[in-house]
Amino acid sequence: NPVFVKESRNYFDGLNIIRNKTSHSDMKLSESEKANLMNTKLRNALSSDDSLQMTFEGYKLLIHDAIFFFDTLYANM
């Protein structure tokens, strides 16, 4: 399914942005990074000042989503 593939790639690109930004003290996002997060279900990771905001609960949801993705992927093989 081409739509699933595109959405999955965008989502994992967003996860990559989150992973990279959380390893630095400055979590301000570029315009392209903000656009990527807005175009996925990761828009709630943006704070009101357009920097990254992550909580322990947020990480829990990301882990759940990643596991669900791979469960879905392998169930359809």
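Hydrophobic cluster membership is shared by I17 and M38, with clusters built from Ile, Leu, Val, Met, Phe, Trp and Tyr side chains linked at under 4.5 angstrom. L73 and V3 are assigned to two separate hydrophobic clusters, defined by single-linkage of ILVMFWY side chains at heavy-atom distances under 4.5 Å. Residues I67 and I18 are members of separate hydrophobic clusters, defined by side-chain heavy-atom contacts under 4.5 angstrom among Ile, Leu, Val, Met, Phe, Trp and Tyr. Put simply, M54 and I63 are part of two different groups of oily side chains (I, L, V, M, F, W, Y) that touch within less than 4.5 Å, one to the next.
Sorted by first and then second residue, the ring-ring contact (aromatic ring centres under 6.0 Å, His included) pairs with a member in residues 29-64 form an empty list; sequence neighbours excluded.
Side-chain contact between L15 and T40: absent, with no pair of heavy atoms (C-beta onward) separated by less than 4.5 Å. Looking at heavy atoms from C-beta onward, E7 lies out of side-chain contact with N10 at the 4.5 angstrom threshold. Residues K21 and E33 have side chains in contact (heavy-atom distance under 4.5 Å, counting atoms from C-beta outward).
A distance of 8.5 Å separates CG of L61 from NZ of K41, quoted to the nearest 0.5 Å. Note that NZ of K6 and CG of N39 are 8.5 Å apart. Values are rounded to the nearest 0.5 Å. Remark: D65 CG to T72 OG1 distance equals 10.0 Å, nearest 0.5 Å. Atom CG in L42 sits 10.5 Å away from atom CG in D13 (nearest 0.5 Å).
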Could you walk me through whether K34 and L37 pass the side-chain contact (heavy atoms from CB on, under 4.5 Å) test, one step at a time? CA-CA 5 Å; K34 286 188 276 188; L37 294 177; 6.0 Å; no

Going through the distances and angles, do F69 and Y11 end up as a ring-ring contact (aromatic ring centres under 6.0 Å, His included)? CA-CA 10 Å; F69 169 80; Y11 182 78; 8.0 Å; no

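The number of heavy-atom neighbours closer than 6.0 Å to CZ of R9, taken from other residues, nucleotides and ligands shown, is 12 or below.
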